[in-house]
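Below: one structure, written as structure tokens.
The structure displayed is predicted, hence computed values, not measured ones. One is the number of the first residue; the rest follow in order along the sequence.
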Amino acid sequence: MKNKQINLSPLTIQEAKNEFEIFKNPKLFIYTKRQAFQNIQDAENFINRHRQMPNFFGIYLNQKQKLIGNCQLSIDKNQQKGEIAYSIDEPYWGKGIATEAAECLLKLGFSSYSLNKISASFVPNNIGSKKVLKKIGMHYVSTTERAFDKKGIAFDLDNFEISKEAYSPKEKISNL
């Protein structure tokens, strides 16, 4: 899938070095269950584990075909719902790229999989993710208290969602 600044393509093991360079940054993991990658093997293991799941993509800049993050649409076909997740390299924060990736995942879920609802969760202090989700039309539905522990600290998660009826594509997205 492709739009204004980015395209989403399956992430291959050949990208492990680039994935490591992005995700060795501990700032990307402040609000997640995971830890920063310590070596290329961590990146390879992450890619191999996620490649087994459908709808896991690398996020690439259109102009340079440079890997700058990853994203995923997890699907529960029985419930006809999905959940999106994304992570972007720090130099690209605040440039609308996470919003574009999330919008691509919404379009994929609603048009290709006929999902009825798509959700996303984030730690409330992650203001950037809250902005992204609001921009793509999602709204707050609940907070899961003490959703996970990391290094002895309990983190809550704010849960957002959007229904198929409420979804309106923000821009043209093409399939590659």
side-chain hydrogen bond (donor to acceptor under 3.5 Å, both in side chains) for Gln72 and Asn55? Distances and angles first, verdict last.
CA-CA 6 Å; Gln72 184 169 15; Asn55 306 310; over 6 Å; no
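- When the side chains of ILVMFWY residues are joined at heavy-atom separations under 4.5 Å, either directly or via intervening members, Tyr140 and Phe155 end up in two distinct hydrophobic clusters.
- His139 places a side-chain N or O within 3.5 Å of a backbone atom of Glu161 that can act as its donor or acceptor partner.
- Tyr60 is connected to Tyr86 through a chain of hydrophobic side-chain contacts under 4.5 Å among Ile, Leu, Val, Met, Phe, Trp and Tyr, so both are in one cluster.
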Can you list the steps and then say if Asn70 with Glu19 is a side-chain hydrogen bond (donor to acceptor under 3.5 Å, both in side chains)?
CA-CA 9 Å; Asn70 60 54; Glu19 189 82 346; 2.6 Å; yes
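- Panel note: side chain Asn62, backbone Asn3; a donor-acceptor pair is recorded below 3.5 Å.
- Residues Trp93 and Phe23 are members of one and the same hydrophobic cluster, defined by side-chain heavy-atom contacts under 4.5 angstrom among Ile, Leu, Val, Met, Phe, Trp and Tyr.
- Looking at Tyr92 and Ile59, their side chains never come closer than 4.5 Å, going by heavy atoms from C-beta outward.
- With rounding to the nearest 0.5 angstrom, the CD1 atom of Ile68 is 12.0 Å from the CG atom of Asn18.
- Distance check: Asn126 CG to Ile30 CD1 gives 9.0 Å after rounding to the nearest 0.5 Å.
- The shortest side-chain heavy-atom distance between Phe57 and Ser9 does not fall under the 4.5 Å cut-off.
- In this structure, the ring of Phe20 has its center no less than 6.0 angstrom from the ring center of Phe46.
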